[in-house]
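Everything on this sheet refers to the single structure shown next.
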Amino acid sequence: MRGVRLAGASLAFLALVACGDRGGEDKTDQSSAERISAALDVCAEGRGEFAQHLCENQTLVGLDTNVREAIVAAAANVSDAGAQMLVQNQTRWREAQRIACGIIDPEAEPTPEQQACLESEYRARLQDAETAVQDIGGYTFQRMELVDATPVTAEVASATGLGDDAPPAVLRDIRFPRIDGQQTPAIQRFNELVAQSPQFRLEDATNEVVDYRIAYAGPELISVRFDMANDTLGAAHGNNTSKAVTVLMTEGRALTANDVFRAGTGWERFLTQRAVGEISRQYREDGFVPPERDVQESATKPHLWLITEQGLTLLFPPYSFGAPYVMGGTEVSIPWADLRPYLNPAAPAPIRPSA
């Protein structure tokens, strides 16, 4: 039942991100530094037994304080709604790391190994907190996080064949950007299109990670790369893939092939041949030449096109270009100048030839 409840909480959070912050531009005393700091203070009265144990460890207290200060600084640059989500992100993260580090009973005193695990996670968390809000291309982006963990029971450990070697928990860490500030229809639509949801239930005994990078952001277009990985306990190997979500901000919709290329110019053939040649060079030492049909299948899909200032990057996740999984994925970048004969003159910047 815990996994079901957490999944429900994730869906509710997604609904809040997508359509629940219509007044997201407001900035009042509700998101002042004092209020945000107080909301994040793990050592405040009434935080629970786990918080009390954490506060008895001076190293953890110091790390938590550093993270709290970074989030408070980030919250100063977003609206009340954005600040509320930053606090919610951190609260969920802290609870998930407790479980992931094997502290299943929140009232139990952590062992030295569990405290060392928490210290390691907090050190990594500080860098996340410092980049939680970014100003890119005239937008204020904040990182949204769906972070949950559930213990691995003895039954699950036995069923996966891991037994005593099973980890204490499985973790779900899903991240995606949200534009803060005035929630215009275009920005609302962007937030809806880039919001990511879990593909696995926590009870599926599968670690799931989604991260992102903003490749380009401008008045007409925003392009975001997503890298996804999942690892089912007991499986021979994990799985990973990539995709792009590119949104036309002037129209509030996802990019299509016609937005980039003129029909009838043979752009499909050009992309395919360029990619076959580049991939063959990348894997020359392996003697691998990708099948043209497999390459074309991926090279012509807009959800695998990443738009950058310099050109078009074609994403090829594992299995997408005829290579065995062990070779992993790859990408091919083509400058806009080389694509000029095929581009739609009305394409949004930075694609169109005049841009």
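Phe226 and Pro177 make their closest contact through CZ-CD, 4.0 Å (heavy atoms, listed as atom of the first residue, atom of the second, distance). Across every non-hydrogen atom of Ser242 and Pro317, the tightest pair is O-CG, 3.5 Å. The two residues Arg262 and Pro345 make their nearest non-hydrogen contact at CD-CD, 3.6 Å. Smallest separation of non-hydrogen atoms from Val245 and Val194: CG1-CG1, 3.8 Å. Residues His53 and Glu107 share a closest heavy-atom pair of NE2-O, 3.1 Å. Residue Gly234 comes nearest to Leu162 through the heavy atom pair N-CD1, 3.8 Å, listed as atom of the first residue, atom of the second, then distance.
Taken together through direct or relayed side-chain contacts under 4.5 Å among Ile, Leu, Val, Met, Phe, Trp and Tyr, Leu126 and Val147 form part of one hydrophobic cluster. Hydrophobic clustering keeps Leu306 apart from Tyr216 (ILVMFWY residues linked when any side-chain heavy atoms are closer than 4.5 Å, directly or through intermediates). Tracing side-chain contacts under 4.5 Å through hydrophobic residues (I, L, V, M, F, W, Y), one never reaches Leu304 starting from Ile351; they form parts of separate clusters. No path of Ile, Leu, Val, Met, Phe, Trp and Tyr side chains, each step under 4.5 Å between heavy atoms, connects Tyr319 with Met228, placing them in separate hydrophobic clusters. Hydrophobic clustering, with ILVMFWY side chains joined whenever heavy atoms are under 4.5 angstrom apart, keeps Val276 apart from Leu315.
When side chains are defined from C-beta on, Ile174 does not count as touching Val209, because their heavy atoms never get closer than 4.5 Å. Residues Leu63 and Val67 have side chains not in contact (no heavy-atom distance under 4.5 Å, counting atoms from C-beta outward). Annotation: side chain of Asn207 is not in contact with side chain of Asn230 (no heavy-atom distance under 4.5 Å). A heavy-atom distance below 4.5 Å is not found between the side chains of Val260 and Asn344. Annotation: side chain of Gln30 is in contact with side chain of Arg35 (closest heavy-atom distance under 4.5 Å). Residues Arg225 and Glu331 meet the side-chain proximity criterion, which asks for heavy atoms closer than 4.5 Å. Val133 places none of its side-chain heavy atoms less than 4.5 Å from the side chain of Phe141. Side-chain contact between Leu118 and Ile103: present, with at least one pair of heavy atoms (C-beta onward) separated by less than 4.5 Å.
Note that CE of Met85 and OG of Ser79 are 7.5 Å apart. Values are rounded to the nearest 0.5 Å. The distance from the CG atom of Leu221 to the CZ atom of Phe190 is 10.0 Å, given to the nearest 0.5 Å. Distance check: Ile136 CD1 to Ile222 CD1 gives 9.5 Å after rounding to the nearest 0.5 Å. Atom CG of Leu171 sits about 11.5 Å away from atom CG of Asp231, to the nearest 0.5 Å. Between Asp173 atom CG and Glu208 atom CD the span is 10.0 Å, to the nearest 0.5 Å. To the nearest 0.5 Å, atoms CZ (Arg201) and OG1 (Thr150) are separated by 11.5 Å.
Ion pair Asp338/Arg340 not flagged as a salt bridge, since none of the NZ, NE, NH1 or NH2 atoms sits closer than 4.0 Å to an Asp/Glu carboxylate oxygen. Note on Asp227 versus Lys243: no salt bridge recorded, every NZ/NE/NH1/NH2 to OD/OE distance being 4.0 Å or above. With respect to the salt-bridge test (charged N to carboxylate O, under 4.0 angstrom), the residues Arg92 and Glu95 do not qualify. Electrostatic pairing of Glu145 and Arg172 does not count as a salt bridge here, judged by no charged N lying under 4.0 Å from a carboxylate O. Between Glu268 and Arg293 there is no salt bridge, since none of the side-chain N atoms of the basic residue sits less than 4.0 Å from a carboxylate O of the acidic one. No salt bridge links Asp286 with Arg284; every basic N to acidic carboxylate O contact stays at or beyond 4.0 Å. Ion pair Glu220/Arg352 flagged as a salt bridge, since at least one NZ, NE, NH1 or NH2 atom sits closer than 4.0 Å to an Asp/Glu carboxylate oxygen. A salt bridge links Glu297 with Lys301; the closest basic N to acidic carboxylate O contact falls under 4.0 Å.
Between Tyr342 and Phe270, the gap from one ring centroid to the other is short of 6.0 Å.
Using a distance-only test at 3.5 Å, with no hydrogens or angles considered, no donor-acceptor pair links the side chain of Ser120 to the main chain of Cys117. Within the 3.5 Å criterion, the main-chain N or O of Ala154 finds no donor-acceptor partner in the side chain of Ser158. Between the side chain of Trp336 and the backbone N or O of Leu343 there is no donor-acceptor pair closer than 3.5 Å. Side chain of Ser298 to backbone of Ser320: a donor-acceptor contact under 3.5 angstrom is found. A donor-acceptor pair under 3.5 Å is absent between the side-chain atoms of Thr232 and the main chain of Ala235, judged by distance alone. Checking side-chain atoms of Arg253 against main-chain N and O of Arg189 turns up no donor-acceptor pair under 3.5 Å. For the pair Gln183 (side chain) and Ile179 (backbone), a donor-acceptor distance under 3.5 Å is present. At least one donor-acceptor pair closer than 3.5 Å links the side chain of Trp305 to the backbone N or O of Ala299. When atom types are taken as modelled, the side chain of Thr246 and the backbone of Ser223 share no donor-acceptor pair closer than 3.5 angstrom. At distances below 3.5 Å, at least one donor-acceptor pair connects side-chain atoms of Arg98 with backbone N or O atoms of Ile104.
For the residue pair Thr140/Asp180, the side-chain donor-acceptor check at 3.5 Å is not satisfied. Between the side chains of Gln90 and Arg125, a donor-acceptor pair is found at a separation under 3.5 Å. Gln142 and Asn89 share no donor-acceptor pair across their side chains, judged by distance under 3.5 Å alone. Between the side chains of Asn240 and Tyr325, at least one donor N or O lies within less than 3.5 Å of an accepting N or O. With hydrogens and angles left out, the side-chain atoms of Asn57 and Gln115 include a donor and acceptor closer than 3.5 Å. Under 3.5 Å, the side chains of Thr330 and Gln282 contain a donor-acceptor pair of N or O atoms.
Surrounding CG of Asp29 are more than 12 heavy atoms belonging to other residues, nucleotides or ligands, all under 6.0 Å away.
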**OP:** For Ser333 and Leu312, run side-chain contact (heavy atoms from CB on, under 4.5 Å): C-alpha distance rounded to whole Å, both residues' side-chain angles, the deciding distance at 0.1 Å, then the answer.
**Re:** CA-CA 6 Å; Ser333 295; Leu312 176 66; over 6 Å; no
**OP:** Assess whether side-chain contact (heavy atoms from CB on, under 4.5 Å) is satisfied between Asp204 and Gln199, documenting all intermediate values.
**Re:** CA-CA 10 Å; Asp204 290 334; Gln199 302 303 302; over 6 Å; no
Original post:
Is there a side-chain contact (heavy atoms from CB on, under 4.5 Å) between Val247 and Leu255 once you walk through the steps?
Top reply: CA-CA 6 Å; Val247 181; Leu255 184 81; over 6 Å; no
**OP:** Starting from the C-alpha separation in whole Å, work towards a yes-or-no answer on side-chain contact (heavy atoms from CB on, under 4.5 Å) for Cys101 and Glu121.
**Re:** CA-CA 9 Å; Cys101 286; Glu121 295 300 332; 4.2 Å; yes
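In this pair, Phe261 and Trp267 present their aromatic rings parallel. The plane angle is below 30°, not in the 30 to 60° band.
Within the structure, side chain to side chain donor-acceptor pair (under 3.5 Å) contacts touching residues 61-76 (residues at least two apart or in different chains) are Ser37-Arg68, Asp64-Tyr122.
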